[in-house]
Every structure is written in C-alpha cells, then in structure tokens.
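By convention here, the first residue in the shown sequence is residue 1. No experiment lies behind these values; they were computed from the predicted model shown.
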Amino acid sequence: MAKQIIALMYDFDKTLCTEDMQNYEFIPNLGLTPKEFWGLTNEVSTKYKMDKILAYMYVMKEECAKRGIKLTKNYLNSLGKSIKYFNGVSTWFERINKFGASLGVEIEHYIISSGTKEIIEGSQIAKYFKNIYGCEFLYGENEEALWPKVAINFTNKTQFIFRISKGTLDISDDEKLNSDTPDKNRHVFYRNMIYIGDGMTDIPCMQVVKDKGGKSVAVYKKEEMSKVLKLVNDARINYVCQADYSINSPLEKFVNLSIEQMVAYERLRQKEERQLQAFQNKVGE
C-alpha cells in the first residue's frame, strides 16, 4: 500500500518571508523605494487596465532596462540570498518532515506564489519544496528576460491545488489537469492538504482547500493582526495565528495536530474498507 502523502502549500511573500521579496534587494538596486516601485506598478495597471501581476513584471523589466541592469535568471536567483524569514522558517520544513515520518506519512511542501519564482529558487529554503509555482520570465539567447512565461494572480493560484492533487506538476500539461481523475489515482487527497497564506490574495486557495476538507491557515505579522480579520469573519479559514514557525509555536502545534487528524482519518477509513470487504467475502462463501 502506498504511503499516505500530506501536502503543505504556502504563499511566500509575508507568509514565509517578512516582506514582498522584491523589497529586499531588487528594488533598492533600482534606486527606488518599495513605495515608488509598487506605485509605478499600480499606475501601469490602472492606465492600461492591466492585471497587477503582469504589471509588476512589466515594471521589473522596464526599470532594469532604464538602468542597464540585465534582468537574467542568474541575477534574479542571486537576489534570493537576501530574503529575511519569520522566526523558525529555516528549520520548519525538516521538523515537519520528521514529525510526519514519525507517523508513517510523507510530507510534501509546495510554493504557490504571485512572487518571482527565480528569486524564490535562489533562496536558502528552495531545496525543501517539491515544486515552486511562481511568476516566471521567458529568457532569450542573451539570457535576458523577454516576456512573462508564467503569471500567477490570486484567482489562477487555485489551479495548482488541482495539479498537486492529481500529481500533474508540469504546468504545460493541461490535458491531464482537466481529465477526470478518480480518487484512487490522485497523488494527494484534498483532505490531506494544508494551505498557509497571509491575506486577500490567498482567499481562493484557502476557500478551495477548506471546502474540500483540508485545512486553511492565515498568518499575520504581530503588528498587522487586523489584516486577516476579514478572513475570520467570512469563515474562509480553519485557523489564524501569528507568522511564527518556531518550535512549539501555535502554528506548529496546529499543523502537527492537523497531520495527526489526517493520519487517523485515513487509518480509520482503511479499517472500515477492509472490514466491509471481509464481511462481503464471508457472506459470499
């Protein structure tokens, strides 16, 4: 029998790291403040009636070109080293993996972010993720960014939940993604999913996971508690707590308890199936 898999899915900006990832080094390298950069993004989005994610990718490319900064994959990867994380993040993944192993289950970690994939790939925690879904550029022969290859906004984030459930991790594979997949063929049951995010852009994912029997968690900075109040009032989540990933934090305790519940449910379900099958076989003798 295949080992039970439990998937933890995370937003990145202000969920695992303390700010938008561009704020740490990319924007200062342009000689801009975060307020100025994101202000330009909003201006472009409003002027051209443009998706805000595509707008920020456009501004990244344009502002680099103005300053003679080559927007290459290697350059973006190098920026990942400057990212600052919430307490406990650096040891979180190994701790959760160890806890899962103690219960006989496999834990898989995924990023589903509207941030820049190439920056995340250069981060110290990138090695812990089975897959990283984020906004990504297409690069030309000179290795510089040509065009957005992948743009992930708050609505189309949800497709990656379905991809993870089906095990269709290749973003170009739409056929398998849209095909009917019986539960027995799924890589991860929805009820074995935990989504962790920080705000309004995570609502669709939080709602999907919660409605399908998984767990959705909202995290917040200590000084920004009111930011997630609407998520609580609208019943979008199962749990809310400070973005603290340290040992024995409320977040760790909730995630571990959720994993225990998922394991217990699966064992009970399998026991029921075996007992009913045995009864059918006995009656049929």
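The residues Asp198 and Lys227 are annotated as salt-bridged, a charged nitrogen and a carboxylate oxygen being separated by less than 4.0 angstrom. The residues Glu19 and Lys221 are annotated as salt-bridged, a charged nitrogen and a carboxylate oxygen being separated by less than 4.0 angstrom. Contact check on Asp211 versus Arg236 returns no salt bridge, with no Lys/Arg side-chain nitrogen under 4.0 Å from an Asp/Glu carboxylate oxygen. By the 4.0 Å N-to-carboxylate-O rule, Arg67 lies close enough to Glu63 to be salt-bridged with it.
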Should Phe12 and Ile112 be marked as a side-chain contact (heavy atoms from CB on, under 4.5 Å) after you check the CA-CA gap, both sets of side-chain angles, and the distance that decides it?
CA-CA 7 Å; Phe12 197 85; Ile112 306 176; over 6 Å; no

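Of the possible donor and acceptor atoms, one in the side chain of Asn153 sits under 3.5 Å from a partner among the backbone N and O of Asn156. A donor-acceptor pair under 3.5 Å links the side-chain atoms of Tyr133 to the main chain of Leu169, judged by distance alone.
Grouped with Trp147 in one hydrophobic cluster are Leu146, the linkage being side-chain heavy-atom contacts under 4.5 Å among Ile, Leu, Val, Met, Phe, Trp and Tyr residues. By the 4.5 Å side-chain criterion applied to Ile, Leu, Val, Met, Phe, Trp and Tyr, Leu276 is assigned to no cluster and stands alone.
Between the side chains of Asn74 and Thr72, no donor-acceptor pair is found at a separation under 3.5 Å.
In this structure, Glu223 places its CD atom where more than 12 heavy-atom neighbours from other residues, nucleotides or ligands lie under 6.0 Å away.
Here the closest heavy-atom approach between residue Lys157 and residue Cys205 is recorded as CB-SG, 3.4 Å.
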All N/O donor-acceptor pairs, side-chain side in residues 97-106, below 3.5 Å, sequence neighbours left out:
from	atom 1	to	atom 2	distance (Å)
Asn97	OD1	His109	NE2	2.8
Asn97	ND2	Phe93	O	3.2
Ser102	OG	Phe99	O	2.5

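Aromatic rings of Tyr110 and Phe129 (six-membered ring for Trp) have centroids beyond the 6.0 Å cut-off, not under it.
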